[in-house]
Amino acid sequence: MKAIAYTEPGGPDVLHVIELPDPQADTGEILIRVRAAAVSPTDTMRRIGARDPGGAQPPYVVGMDAAGVIEAIGPDTDTDLQVGDEVMAIVVPSGSHGAYAEKVAVPATSVARIPQGVSFAEAATLPMNGLTARLALDTLKLPAGSTIAVTGAAGAFGGYSVQLAKADGHTVVADAAAKDEELVKSLGADVILPRGEGFAAAVRERFPDGVDGMIDGAVQLDEIVPAAKDGATIVTIRGDKGERDRGVMFWSIVVSKYAFDPVALDTLRRQAEAGVVSLRVADVLPKEQAAEAHRRLEAGGVRGRIVLEF
């Protein structure tokens, strides 16, 4: 099979099309003929060497989101899925195992049917970011009616966080650049404030006691602590954790915690079908243009996900 891989960390041009042996579906696994793989910041971080490969050997194949068709189901696999079903999956990359490939074998618990009426490209934008947003909200553990602030609300993770928070019955305060205000409003944010340095102060003007919890998709970290209530939790995706002033607590999340939760992934499918979450594709490129996809993502300003076709 063909895959997109690199052997040494570096810029986008280290990504190349290579040949790898076809994977096989082992016990408890499903083999997917990948049709689309979303490109995310996690992929670019792995490519530059910012994520520990954990002893895995090159070539390295990245990608955490795949959508395609089931080609085989491993022996003794407990699933109601069948060969030929159109599915999406979250992939935990390791070495040559990643979503940027024509085929990938993953645990059956990481696979769900794609939402009805959507393309493979659209479906590929949902698993990793959607599950991360679900994990963020579950980590906050706030009752319905709470006020949650989301930074990076125009991004894929931030956007899903806004929509899922609204579905959970929360009031959502979101940041946005002027050009993204209509987008963030369409996602359901109740209050939209200018993104950047003044966000925390603006939150306090609207909510003098601070918000009940925060999801920091823009990785502003300590800059946004003043927006939180005393003792509130701020969920971050970049490894920061620990207590700050007034008992405000940073809590770092890793999506692999939900990577083998079929109920969570299938719930996202149903929410996509119901229009609770929006599947936003920024562009679709052939796999041979993976380097270009990484360049565009790193340049900033991408709304939704760039998707590679396989």
Checklist entry - What do the steps show when you test Ser278 against Gln163 for side-chain hydrogen bond (donor to acceptor under 3.5 Å, both in side chains), and what is the final call? => result CA-CA 8 Å; Ser278 305; Gln163 292 185 307; 2.9 Å; yes

Item to check | Val104 and His97: CA distance, side-chain angles, deciding distance, side-chain contact (heavy atoms from CB on, under 4.5 Å) verdict | outcome: CA-CA 7 Å; Val104 64; His97 171 75; 3.5 Å; yes

Next on the checklist: For Thr267 and Arg270: C-alpha separation, side-chain torsions, deciding distance, then whether side-chain hydrogen bond (donor to acceptor under 3.5 Å, both in side chains) applies.
Outcome noted: CA-CA 5 Å; Thr267 298; Arg270 289 186 281 107; 3.1 Å; yes

Checklist entry - Step by step, would you call Val69 with Val87 a side-chain contact (heavy atoms from CB on, under 4.5 Å)? => result CA-CA 6 Å; Val69 179; Val87 294; over 6 Å; no

Checklist entry - Going through the distances and angles, do Ile73 and Thr79 end up as a side-chain contact (heavy atoms from CB on, under 4.5 Å)? => result CA-CA 9 Å; Ile73 297 175; Thr79 181; 4.2 Å; yes

Item to check | side-chain contact (heavy atoms from CB on, under 4.5 Å) between Ile224 and Met214, intermediate numbers included | outcome: CA-CA 9 Å; Ile224 60 172; Met214 303 186 73; 3.8 Å; yes

Checklist entry - Yes or no on side-chain hydrogen bond (donor to acceptor under 3.5 Å, both in side chains) for Asp216 and Thr236, after CA distance, side-chain angles and deciding distance? => result CA-CA 5 Å; Asp216 187 22; Thr236 178; 4.6 Å; no

Next on the checklist: Checking Asp209 against Lys229 for the salt bridge (Lys or Arg N to Asp or Glu O under 4.0 Å) test, could you report, in this order, the C-alpha distance in whole Å, the side-chain angles of both residues, the deciding distance, and whether it holds?
Outcome noted: CA-CA 6 Å; Asp209 294 331; Lys229 279 184 178 178; 5.8 Å; no

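There is a path of hydrophobic side-chain contacts, each under 4.5 Å, that joins Trp251 to Leu164. Taking hydrophobic clusters as Ile, Leu, Val, Met, Phe, Trp and Tyr residues chained together by side-chain heavy-atom distances below 4.5 Å, Ile32 shares a cluster with Val83. No continuous path of ILVMFWY side-chain contacts below 4.5 Å connects Val307 to Phe157, so the two sit in separate hydrophobic clusters. In the hydrophobic cluster analysis, where Ile, Leu, Val, Met, Phe, Trp and Tyr join through side-chain heavy atoms closer than 4.5 angstrom, Ile237 is grouped apart from Met249. A continuous path of ILVMFWY side-chain contacts below 4.5 Å connects Met128 to Ile215, so both sit in one hydrophobic cluster.
With a 6.0 Å radius and a threshold of 12 heavy atoms from other residues, nucleotides or ligands, Arg303 has its CZ atom above the threshold. Within a 6.0 Å sphere centred on CG of Asp230, other residues, nucleotides and ligands contribute more than 12 heavy atoms. Atom CZ of Arg195 sits in a sparse spot, with 12 or fewer heavy atoms from other residues, nucleotides or ligands closer than 6.0 Å. More than 12 heavy atoms of other shown residues, nucleotides or ligands fall within 6.0 angstrom of atom CZ in Arg46. The number of heavy-atom neighbours closer than 6.0 Å to CD of Gln116, taken from other residues, nucleotides and ligands shown, is 12 or below.
Side-chain contact check for Lys287 versus Lys2: some heavy-atom pair is nearer than 4.5 Å. Annotation: side chain of Val17 is in contact with side chain of Glu288 (closest heavy-atom distance under 4.5 Å). Considering only heavy atoms from C-beta on, Ile148 comes within 4.5 Å of Leu137 through its side chain. For the pair Pro41/Leu297, a side-chain contact is recorded, criterion being any heavy-atom separation below 4.5 Å from C-beta on. Two residues are said to be in side-chain contact when any heavy atoms from C-beta on lie closer than 4.5 Å; Ile90 and Val255 meet this criterion. For the pair Arg47 and Pro12, the minimum side-chain heavy-atom distance is below 4.5 Å. Side-chain contact between Val150 and Tyr160: absent, with no pair of heavy atoms (C-beta onward) separated by less than 4.5 Å.
Between Glu292 and Arg295 there is a salt bridge, since at least one side-chain N of the basic residue sits less than 4.0 Å from a carboxylate O of the acidic one. Electrostatic pairing of Asp283 and Arg296 counts as a salt bridge here, judged by a charged N lying under 4.0 Å from a carboxylate O. Salt-bridge annotation for Lys103 and Asp22: present, with a side-chain N of the basic residue lying under 4.0 Å from a carboxylate O of the acidic one. Look at Asp85 and Arg113 and you find a salt bridge, because one of the NZ, NE, NH1 or NH2 atoms lies within 4.0 Å of a carboxylate O, short of that distance.
With respect to Asp190, the side chain to side chain donor-acceptor pair (under 3.5 Å) criterion is satisfied by exactly one of Lys185, Lys166, His170: Lys166. Between Tyr258 and the options Val263, Ile253, Thr132, Asp138, a side chain to side chain contact (heavy atoms under 4.5 Å, CB included) holds for only Asp138.
The aromatic rings of His294 and Tyr100 stand perpendicular to each other, their planes meeting at an angle above 60°, with 30° marking the opposite boundary.
With sequence neighbours left out, Arg51 forms a salt bridge (Lys or Arg N to Asp or Glu O under 4.0 Å) with no residue at all.
Taken from CE in Met1 to CD1 in Ile18, the straight-line distance is 8.0 Å, to the nearest 0.5 Å. Taking OG1 of Thr7 as the reference point, atom OH of Tyr60 lies at 9.0 Å (rounded to 0.5 Å). Summarising the geometry, atom CD belonging to Glu102 is positioned 7.5 Å from atom CZ belonging to Phe310; distances are rounded to the nearest 0.5 Å.
Closest of all the heavy-atom pairs between Ala99 and Ala37 is O-CB, 3.5 Å.
Checked by atom type and distance alone, the side chain of Arg244 never pairs as donor or acceptor with a backbone atom of Val248 at under 3.5 Å. Looking at Arg305, its side chain never comes within 3.5 Å of a backbone N or O of Ala282 through a donor-acceptor pair.
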